[in-house]
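What follows is a single structure, written as structure tokens, with notes after it.
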Amino acid sequence: MKRVKELFHIRHYGLFVICMLLIGTSVSITMPYLSIYGTSELGMTPTMFGFFIAITSLAGVAANTVIANYSDSGMDRKWVILAAVLSSACGYASYLFFESFIGLLLAVSFFTGIGATAMPQLFAYSQESANASKVENKTFAKSTLRSLFSLGFLIGPLIGTLLLAAYDYTGLFLGTSILFIVIAAIVYIFLPKKKIEQTHRPVKKVRLLSSPETRVLILPFLAFILLISLNAINTINTPLFMLNELNGTHADVGFMVALGAGLEIPLMLLFGALSVKISNHTLLKWGCLIGALYFVLLALATEPWHIISAQLFQAILVAIVMGNGLSYFSDIIPYSAGVAATIYANASILGRLGGNVAGGAGADFFGFRDINWLCLILIIVALALLVKKPPVVAQSNTTIVKDTG
């Protein structure tokens, strides 16, 4: 409890908590229903919808990369965050105005692509505030924020169900847009602008794609893509495995999903707190080993309860990757909060995209049980990529960031 109270010594931390919870809630309101809307209301085929999600996801990667190249060298993060959440509002409103596939694809890709920059920039802002506040455990601060985003995913689908029942898809998308506008209003009113003061030497920009400094992140970046892909594959494959091969019930699947989600949030807080004594790099390697054990247990499971009882291992892996992952990148490039957050965000987007594709195709090719052996191989590859700790990227020039509000 003392650790939690100390977090609020970070200036504006309560505001970050509210924004992160609301963003998680907003995104998850429509997530369960997008595929249904695209196929049943707009007439997309499953392949077309997959293409639609792929393009809109890649637009987020592109926007994150462009913004990251400038956000650490004087750009006021408040206005970036404000533009991002307003763009997200426009993106979800686009579903109400475009019925053609191409029109909707272009509009959603543009607006939600820009909107994808909100989370990494919020994380970067919070890291700068934590640095200024001299907080001892920055990883715990970021893990707590990440857990609030996950908590939003427990709240959002319920709100989405109520909106859909009461107002159909118009209410679903309009409600999501309004919630993003509320976030924008909170950011505009309460989040202060930043005043950038430089030392006598100009600050060197850290280019995300072309900087020698960020080349040390290539292997960790690839490892995180694999780890997040594995989570997406597990999300798709494991419920089907329980139902189709282990004769489980829908109640078994629901309990499994709820148990995993319920364990992840407290475990994120736990591993965030442990990072004071154990490095994020070490925690990630242990997470990979525990994840490897999880996939072995899945491949050998013969009863639904075997999978249910193994969810603790899955929750540990997810909690470390999602909760400590951003801090791991920040440890390597501590003077480039925006770049670190963006690399983590882009790995998440690409990982989910790759995992969704591999989860569907892999189950058809390998079968629901044997795809877990493939997952075991992939997590061993991820561990190999993380074995060597990258050197910390030094920054000889300094930037002093001050609130003007």
Under a 3.5 Å threshold, yes or no: a donor from one side chain and an acceptor from the other, between [X] and [Y]?
X	Y	result
Gln127	Ser330	yes
Arg146	Ser150	yes
Thr249	Asp252	yes

Below 4.5 Å, heavy atoms only, C-beta onward: do [X] and [Y] meet side chain to side chain?
X	Y	value
Val253	Leu243	yes
Ile233	Leu374	no
Leu230	Phe295	yes
Thr342	Asn64	yes
Ser88	Ser26	no
Ile379	Tyr294	no
Phe110	Leu106	no
Val17	Leu145	yes

[X] side-chain N/O to [Y] backbone N/O, donor-acceptor pair under 3.5 Å:
X	Y	result
Ser28	Thr25	yes
Ser133	Ala130	no
Lys78	Tyr188	yes

Quiz item: When you look at Arg369 and Leu246, which way does the side-chain contact (heavy atoms from CB on, under 4.5 Å) test go after all the steps?
Solution: CA-CA 10 Å; Arg369 179 184 296 277; Leu246 301 184; 3.8 Å; yes
Which atom names give the shortest non-hydrogen contact between [X] and [Y], and what distance separates them?
X	Y	result
Met44	Leu104	CE-CD2, 4.2 Å
Ala83	Ile114	O-CG2, 4.4 Å
Gly323	Ser143	O-OG, 2.8 Å
Cys288	Leu227	SG-CD2, 3.9 Å
Val85	Phe180	O-CB, 3.6 Å
Gly152	Leu21	N-CD1, 3.8 Å

Geometric class of the [Y]/[X] ring pair [parallel <30°, tilted 30-60°, perpendicular >60°]:
X	Y	answer
Phe52	Phe101	tilted
Tyr344	Phe329	tilted
Tyr37	Tyr169	tilted

Practice problem: Check the pair Leu34 / Tyr95 against side-chain contact (heavy atoms from CB on, under 4.5 Å), numbers first and verdict last. | Solution: CA-CA 10 Å; Leu34 282 180; Tyr95 288 96; 3.8 Å; yes
Spatial distance of atom [atom1] ([X]) from atom [atom2] ([Y]) [nearest 0.5 Å]:
X	Y	atom1	atom2	result
Leu378	Ile225	CG	CD1	12.5 Å
Leu222	Leu385	CG	CG	6.0 Å
Gln314	Ile290	CD	CD1	11.5 Å
Phe190	Cys19	CZ	SG	10.0 Å
Leu15	Ile189	CG	CD1	10.5 Å
Leu22	Met20	CG	CE	10.5 Å

Quiz item: Quick one: which of Phe8, Phe140, Tyr125 gives a ring pair (Phe, Tyr, Trp, His ring centres under 6.0 Å) with Tyr13?
Solution: Phe8
Can you confirm whether [X] is buried at [atom1], in the sense that more than 12 heavy atoms of other residues, nucleotides or ligands lie under 6.0 Å from that atom?
X	atom1	answer
Phe255	CZ	no
Glu99	CD	no
Lys389	NZ	no

Practice problem: Report the C-alpha distance between Leu219 and Leu386 in whole Å, list the side-chain angles of each, state the deciding distance to 0.1 Å, and finish with yes or no for side-chain contact (heavy atoms from CB on, under 4.5 Å). | Solution: CA-CA 7 Å; Leu219 295 184; Leu386 291 170; over 6 Å; no
Quiz item: Looking at Asn280, Asn324, Asp331, which hits side chain to side chain donor-acceptor pair (under 3.5 Å) with Thr139?
Solution: Asn280
Practice problem: Output, in order, the C-alpha distance, side-chain angles, deciding distance and verdict of side-chain contact (heavy atoms from CB on, under 4.5 Å) for Thr45 and Phe51. | Solution: CA-CA 10 Å; Thr45 65; Phe51 178 77; over 6 Å; no
Quiz item: Checking side chain to side chain donor-acceptor pair (under 3.5 Å) for the pair Asn247/Glu303: CA distance, chi angles, key distance, verdict?
Solution: CA-CA 8 Å; Asn247 298 317; Glu303 298 289 341; over 6 Å; no
